[in-house]
Amino acid sequence: MTGKNKKNQNENYIRYVHSFDPPTQHFKNCFRAFLVGGLICCVGQFFRVILEQTTSLSGDELASAVSVLLIFMGTLLTGLGVYDRIGRNAGAGSIVPITGFANSVSSPAIEFKTEGLVYGLAAKMFVVAGPIIVYGVLAGAAVGVVYLFL
């Protein structure tokens, strides 16, 4: 078989495989992600307003309390199986906010809890989120070094 013949055969196979793919609905997916991400941010703002009015928190303390509440809500909804359904419909709109990070930490922990506390829950908790933490810290350190020399 010649190189040109093989290339033509590969292109035909790729076209054949793509004929079974459903067409993607980019606008619809982006719109859903925008709505759900915005709704999560609105919930965070609601928590902020409520905490501001009912407690004496302000500034960084208030921001930390809102973050803790959003992480708790993301973890609770993951445990109840609701966050996975939201993620299937919202895509990146549910992954990007802090609740998505809470989901990525708690989901493997819940999935592997049957293997025990150490080898299941603790070991698998950072399977998904571990690389995010590592590369986030490395990127932050790199930006700090660049900022140091500027």
Report task. Any chance you could lay out the side chain to side chain contact (heavy atoms under 4.5 Å, CB included) test for Leu57 and Glu52, step after step, and finish with the verdict? Result -> CA-CA 6 Å; Leu57 297 176; Glu52 212 168 25; over 6 Å; no

Hey, could you give me the [atom1]/[atom2] distance between [X] and [Y], rounded to the nearest 0.5 Å?
X	Y	atom1	atom2	answer
Cys41	Ile98	SG	CD1	11.0 Å
Leu77	Ile86	CG	CD1	5.5 Å
Ile50	Leu69	CD1	CG	11.0 Å
Leu51	Phe46	CG	CZ	9.5 Å
Thr75	Leu70	OG1	CG	10.5 Å
Gln45	Ile40	CD	CD1	14.5 Å

Query raised in the report: Okay, side chain of Tyr83, backbone of Leu76: is any donor-acceptor separation there less than 3.5 Å?
Result: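 Not confirmed, Tyr83 side chain does not pair with Leu76 backbone.
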
Query raised in the report: Heavy-atom distance under 4.5 Å between the side chains of Leu62 and Arg48, does that happen here?
Result: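 Answer yes - side chains close enough.
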
Query raised in the report: Mind checking whether Met73 and Leu80 sit in one hydrophobic cluster, side chains of I, L, V, M, F, W, Y counted as touching below 4.5 Å?
Result: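 In one cluster with Met73: Leu80, yes.
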
Query raised in the report: Are Phe72 and Val43 co-members of a hydrophobic cluster defined by side-chain heavy atoms under 4.5 Å apart?
Result: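 Yes; tracing contacts between hydrophobic side chains, which count when under 4.5 Å, links both residues.
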
Query raised in the report: Mind checking whether Tyr16 and Phe20 have parallel, tilted or perpendicular rings, split at 30° and 60°?
Result: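 Rings of Tyr16 and Phe20: perpendicular, over 60°.
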
Report task. For side chain to side chain contact (heavy atoms under 4.5 Å, CB included), just list the numbers for Arg32 and Asn89, CA-CA rounded to whole Å, side-chain angles, deciding distance to a tenth of an Å, and then say yes or no. Result -> CA-CA 7 Å; Arg32 281 187 191 172; Asn89 292 317; 4.2 Å; yes

**Report entry** Asn12-Arg15 side chain donor-acceptor pair, cut-off 3.5 Å
**Finding:**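 There is such a pair (donor and acceptor under 3.5 Å, judged by atom type) between the side chains of Asn12 and Arg15.
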
